[in-house]
Amino acid sequence: AQKVTQAQTEISVVEKEDVTLDCVYETRDTTYYLFWYKQPPSGELVFLIRRNSFDEQNEISGRYSWNFQKSTSSFNFTITASQVVDSAVYFCALSEPYSGSARQLTFGSGTQLTVLP
Amino acid sequence: DTEVTQTPKHLVMGMTNKKSLKCEQHMGHRAMYWYKQKAKKPPELMFVYSYEKLSINESVPSRFSPECPNSSLLNLHLHALQPEDSALYLCASSQGQAIQTTYEQYFGPGTRLTVT
């Protein structure tokens, strides 16, 4: 069965610090997809990134970067020079396209990030 | 334009009321989803519609009744709810449901439901 673990329940940093959110997953499939979503206090989940299991290249988008390591089953998310607007709950999620669960998302429990001014 | 809209934003209803939540997307997506989210928890999948047909019902009580009138609209009809049904209800859409891939889902802002 698939599982996503976000061990950091809450993280607090001061503005301009770098912060890394950890995500560890479990799956028996060789084909799977990983996602990160941001949920600000307003409630809407904002899609950040989708990565398939065959693409291990790290990705950078502005202040955001993602480190995908199949060897450790991790898909960590780093925010560089954090800003107050980055304060939100961040969810990591996993999907197995060939599984009986019809390719639905398994979410981690989320990490509450607070960026202090 | 990656936008999913939901109405109403807030809803307070009694246990004997009947109400409906509405969701709309104009991205040409063919899969739409309802999730329930309790405070400090991840979203839980309730229903999936693929090409306007119900493809997944995650053992949701019958007091929740989904409807997909067309490819852009998704409703969730509520009847005889319990206080424990109070939660944030999120709608999402994705490009489709394909065997070999999982497309990203785009979420609406949600409806905060309180059952009294």
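Values below: every heavy atom of this structure, side chains too, minus hydrogens, waters and symmetry copies. Naming: A, B, ... by sequence-line order, numbering from 1 per chain.
- Side-chain rings of B:F47 and B:F64 stay apart, their centers remaining 6.0 Å or farther from each other.
- B:R30 has a carboxylate O that lies under 4.0 Å from a charged side-chain N of B:E52, or vice versa, which qualifies the two as a salt bridge.
- Residues of residues 34-43 of chain A that come within less than 4.5 angstrom of chain B, heavy atom to heavy atom, are A:F35, A:Y37, A:Q39, A:P41, A:S42, A:G43 in numerical order.
- Between B:E104 and A:R50 there is a salt bridge, since a side-chain N of the basic residue sits under 4.0 Å from a carboxylate O of the acidic one.
- Contacts of B:Q6 with chain A are absent, with no heavy-atom separation under 4.5 Å from either backbone or side chain.
- Closest approach of B:P8 to B:S20, counting heavy atoms only: CD-O, 4.2 Å.
- The distance from the OH atom of A:Y90 to the CD1 atom of A:I79 is 4.0 Å, given to the nearest 0.5 Å.
- The side-chain hydrogen bond (donor to acceptor under 3.5 Å, both in side chains) test with A:R63 is passed by exactly one of A:T80, A:D18, A:D86: A:D86.
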